[in-house]
Amino acid sequence: MAKLTQAPNGGNVSTLDRKLGRTVFGSAPDLYARGRPGYPPRVAEILRDLCRAGPETAAFEIGPGTGQATARLLDLGCTVCAIEPDARLAAYLSESLGPAHPGRLTVMQAPFEEAALRSTAFDLGVAATSFHWLDPAIGLPKVKQLLRPGGHWAMWWNVYGDPDAPDDFQVRTHALFDSLERPPTFADREKKPYALNRERRLAELEREGFEERAVEIIRWDVTFSTGQMLALSATFSPVAQLPEPARNEFLEALRRVGDDEFAGSIPRRFLTAVYTARSPRRMPLPA
């Protein structure tokens, strides 16, 4: 099966600063909520069966955005502290999910690195398509600090295309997307998507002392209309941060491909990579 190749310049495309993730998604929360597909049901099963998410679970979530993963945690019965750096998204999350779950959702507007949270206060921590905006050398120690001994950690990402078996739309639009700045999801030195670089992600968890480290890759297919694909693409950070004329030009090029070459019906192959681990059951003795 064909694989996507790197850009002719050898991949020397500038990478977006991680701090951009604190502001780039909040300009149009409704568009983001409509454009981003949810996560496959298997993710909720992993949270319930492997991470023991349920009515007695105190959970924190890093970068909840418009609350797709937050809603699943609440559906499972968890009490959730959602840490969102963007004030607009924090307000959207409070207004959209708070009234239906009184007393079970707290929204803290702050970058995760700066959020004042009590140590060992949580049974579960999660990050859904958000942890790549953090430096793992800073984020993972704080995650471990917040979890109770034996607490669960889960981080996952939707990957919009399979690099080892690209669908026709992915192949056709690769050059368009490759002309943009790279998000941190493609910042690994090995040129692998961040979410699919299992060796590095698991090694980072191991270095921080997490136990029972595991990863599961979920493959799923969906057919999008051109409008749905444009709405999704408009939420990608390299597209969202473009000046409006350039963004409109980019989306118009995608529209032409979707309408003219796929008759407005675009089959896609997506992957969801789910990483799970546990904090040490016994805290290390002081040196």
Side-chain angles (χ1 to χ4, degrees), residues 36 38-86 89-90 92-134 136 138-158 201 205 208-216 218 272-281 283:
R36 290 272 171 149
Y39 299 103
R42 176 61 184 152
V43 175
E45 293 174 1
I46 291 171
L47 293 174
R48 182 194 64 210
D49 299 338
L50 187 61
C51 298
R52 302 292 185 262
E56 303 300 320
T57 302
F60 69 88
E61 181 184 0
I62 301 171
T66 57
Q68 290 173 325
T70 320
R72 301 291 79 76
L73 290 170
L74 292 167
D75 289 345
L76 289 167
C78 301
T79 299
V80 181
C81 178
I83 304 111
E84 171 54 53
D86 191 297
L89 288 172
Y92 181 95
L93 191 63
S94 295
E95 294 165 5
S96 62
L97 291 180
H101 304 277
R104 290 203 294 119
L105 175 63
T106 301
V107 180
M108 177 179 291
Q109 194 264 301
F112 178 67
E113 303 94 325
E114 302 171 13
L117 297 162
R118 187 162 55 88
S119 298
T120 66
F122 297 94
D123 307 295
L124 171 65
V126 307
T129 314
S130 63
F131 202 72
H132 55 284
W133 292 107
L134 297 175
I138 297 173
L140 286 177
K142 185 163 186 176
V143 167
K144 190 171 69 170
Q145 176 190 6
L146 297 179
L147 291 173
R148 297 185 176 113
H152 292 272
W153 167 241
M155 57 183 183
W156 64 93
W157 290 264
N158 278 345
R201 304 288 78 81
L205 290 168
E208 294 304 330
F210 283 89
E211 301 174 349
E212 298 180 25
R213 303 168 299 275
V215 58
E216 181 172 333
I218 305 161
T272 301
V274 185
Y275 294 81
T276 56
R278 295 188 77 171
S279 64
R281 288 182 175 82
M283 302 305 289

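Worth knowing before you read on, the calculation uses all heavy atoms, side chains too, and leaves out hydrogens, waters and symmetry mates.
- Here Ala115 pairs with Ile83, Met108, Ala110, Leu117, Lys142 under the side chain to side chain contact (heavy atoms under 4.5 Å, CB included) rule; sequence neighbours left out.
- Shown here for Ile138 and Pro141, the closest heavy-atom pair between the two residues is O-CD, 3.4 Å.
- Partners of Thr272 under the side chain to side chain donor-acceptor pair (under 3.5 Å) rule, at least two apart in sequence or in another chain, are Asn158, Trp220.
- Heavy-atom minimum distance, Glu211 versus Ser279: OE1-O, 4.2 Å.
- For Glu212, the salt bridge (charged side-chain N to carboxylate O under 4.0 Å, His left out) criterion is met by Arg278, Arg281, not counting sequence neighbours.
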Step by step, work out the side chain to side chain contact (heavy atoms under 4.5 Å, CB included) result for Trp153 and Tyr275.
-> CA-CA 8 Å; Trp153 167 241; Tyr275 294 81; over 6 Å; no
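- Residues in residues 115-129 take part in these salt bridge (charged side-chain N to carboxylate O under 4.0 Å, His left out) pairs, two or more places apart or across chains: Asp123-Arg148.
- Between Leu147 and Gly125, the closest heavy-atom pair is CD2-N, 3.6 Å.
- Between Phe122 and Cys81 the shortest side-chain heavy-atom distance falls below 4.5 Å.
- Taking the ring-ring contact (aromatic ring centres under 6.0 Å, His included) definition, one finds that Tyr39 meets it with Trp156, sequence neighbours left out.
- With rounding to the nearest 0.5 Å, the separation of CG in Leu47 from CG in Leu124 is 6.5 Å.
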Go through the steps to decide whether Arg201 and Val215 satisfy the test side chain to side chain contact (heavy atoms under 4.5 Å, CB included), and finish with yes or no.
-> CA-CA 9 Å; Arg201 304 288 78 81; Val215 58; over 6 Å; no
Does the side chain to side chain contact (heavy atoms under 4.5 Å, CB included) test come out yes or no for Thr66 and Ser96, once each step is laid out?
-> CA-CA 8 Å; Thr66 57; Ser96 62; over 6 Å; no
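- Contact between Gln109 and Ala90 at its shortest, heavy atoms only, is CG-CB, 3.9 Å.
- Partners of Glu45 according to the side chain to side chain contact (heavy atoms under 4.5 Å, CB included) rule, which considers only residues two or more places apart in sequence or in another chain, are Arg42, Arg48, Asp49.
- Considering all non-hydrogen atoms of both residues, Ser130 and Gly63 come closest at CB-O, 3.7 Å.
- Residues meeting the side chain to side chain contact (heavy atoms under 4.5 Å, CB included) test with Arg104, sequence neighbours left out: Leu74, Thr79, His101.
- When all heavy atoms of Leu105 and Ala82 are compared, the pair lying nearest together is CD1-CB, 4.2 Å.
- In summary, of the residues considered (Val274, Leu205, Ile62, Val126), a side chain to side chain contact (heavy atoms under 4.5 Å, CB included) with Met155 occurs for Leu205 alone.
- A search for side chain to side chain donor-acceptor pair (under 3.5 Å) contacts involving Ser119 returns Gln145, not counting sequence neighbours.
- Residue pairs that meet the salt bridge (charged side-chain N to carboxylate O under 4.0 Å, His left out) test with at least one member in residues 60-73, sequence neighbours left out, are Arg72-Asp75.
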For the pair Val143 and Phe60, evaluate side chain to side chain contact (heavy atoms under 4.5 Å, CB included) and give the outcome as yes or no after the intermediate values.
-> CA-CA 9 Å; Val143 167; Phe60 69 88; 4.1 Å; yes
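- Residues passing the side chain to side chain contact (heavy atoms under 4.5 Å, CB included) test with Ala71 are Leu97, sequence neighbours excluded.
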